[in-house]
Engineer: 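Got a structure here, written out as structure tokens. Questions coming.
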Amino acid sequence: MQYIQAFIMGGAVCAVAQVLIDKTKLTPARILVGCVVLGVILTGLGLYQPLVDWGGAGATVPLLGFGYSLAKGVQVGVAQDGLLGAFTGGVTGAAGGIAAAIVFGCLFALLSKPEDKSK
């Protein structure tokens with residue numbers, strides 16, 4: 001049942017993003033940033049945790065989940081280190097995703113063959 005719930009949750013997030021891409025003049029970059037910011041806001045208001053509890057990876061893997069990880073990291077950082085935790089907690093909470101993005105970005109940059117796009 002967890003797989004079905006994760007599929008429904010992740011599919012709903014992706015469907016909303018796809019509708020925004022198709023039906024608005026927002027650029028994909030703005031939609032991506034909006035998803036991360038929405039994840040942070042919903043987590044700060046306590047509204048995203050029930051979605052994570054129900055949807056599991058379907059809620060934590062998409063970009064809303066990255067915002068969730070940042071916000072949870074800040075909450076933990078502030079509880080442990082006070083005001084300094086507000087600045088360091090987000091990076092600590094999302095360190096796995098950030099590290100994976102850097103590692104895989106470098107790996108694919110090394111493995112891909114660059115081409116001249118002016119042709």
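Heads up: numbering here begins at 1 and tracks the sequence. In this text the structure is predicted, and so the values were computed from the model without any measurement. The analysis underlying the following values was restricted to heavy atoms, covering all of them including side chains, and did not include hydrogens, waters or symmetry mates.
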Engineer: Where do Ser112 and Pro114 come nearest, in terms of heavy atoms and distance?
Structural biologist: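 Shortest heavy-atom contact: O-CD, 3.4 Å.
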Engineer: Show the atom names and distances, to 0.1 Å, of all donor-acceptor pairs under 3.5 Å that link a side chain in residues 43-59 to residues at least two apart or in another chain.
Structural biologist:
from: Thr43; atom 1: OG1; to: Gly39; atom 2: O; distance (Å): 2.7
from: Tyr48; atom 1: OH; to: Ala59; atom 2: O; distance (Å): 2.5
from: Gln49; atom 1: OE1; to: Tyr68; atom 2: OH; distance (Å): 2.8
from: Gln49; atom 1: NE2; to: Asp53; atom 2: OD1; distance (Å): 2.8

Engineer: With a cut-off of 3.5 Å and sequence neighbours excluded, list every side-chain donor-acceptor pair involving residues 69-91.
Structural biologist:
from: Ser69; atom 1: OG; to: Gly65; atom 2: O; distance (Å): 3.1
from: Thr88; atom 1: OG1; to: Leu84; atom 2: O; distance (Å): 3.3

Engineer: In the single-linkage hydrophobic clustering (I, L, V, M, F, W, Y; side-chain heavy atoms under 4.5 Å), do Leu38 and Val13 co-cluster?
Structural biologist: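 In one cluster with Leu38: Val13, yes.
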Engineer: For residues Leu64 and Cys35, report the shortest heavy-atom separation together with the two atoms involved.
Structural biologist: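 Nearest pair, atom of Leu64 first, then Cys35: CD2-O, 3.0 Å.
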Engineer: Quick one: do Val37 and Leu20 end up in the same hydrophobic cluster if we chain Ile, Leu, Val, Met, Phe, Trp and Tyr together by side-chain heavy atoms under 4.5 Å apart?
Structural biologist: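 They do not share one cluster, since no chain of ILVMFWY contacts under 4.5 Å joins Val37 to Leu20.
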Engineer: Check the hydrophobic clustering (I, L, V, M, F, W, Y; side-chain heavy atoms under 4.5 Å; chains of links allowed) and say if Leu42 and Val16 are grouped together.
Structural biologist: no
Engineer: Tell me whether Leu107 shares a hydrophobic cluster with Ile102, the cluster being built from Ile, Leu, Val, Met, Phe, Trp, Tyr side chains joined at under 4.5 Å.
Structural biologist: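 No, because Leu107 and Ile102 fall into different hydrophobic clusters, even though each may have its own neighbours under 4.5 Å.
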Engineer: Same cluster or not: are Phe66 and Leu32 linked, directly or through other Ile, Leu, Val, Met, Phe, Trp or Tyr residues, by side-chain heavy atoms under 4.5 angstrom apart?
Structural biologist: yes
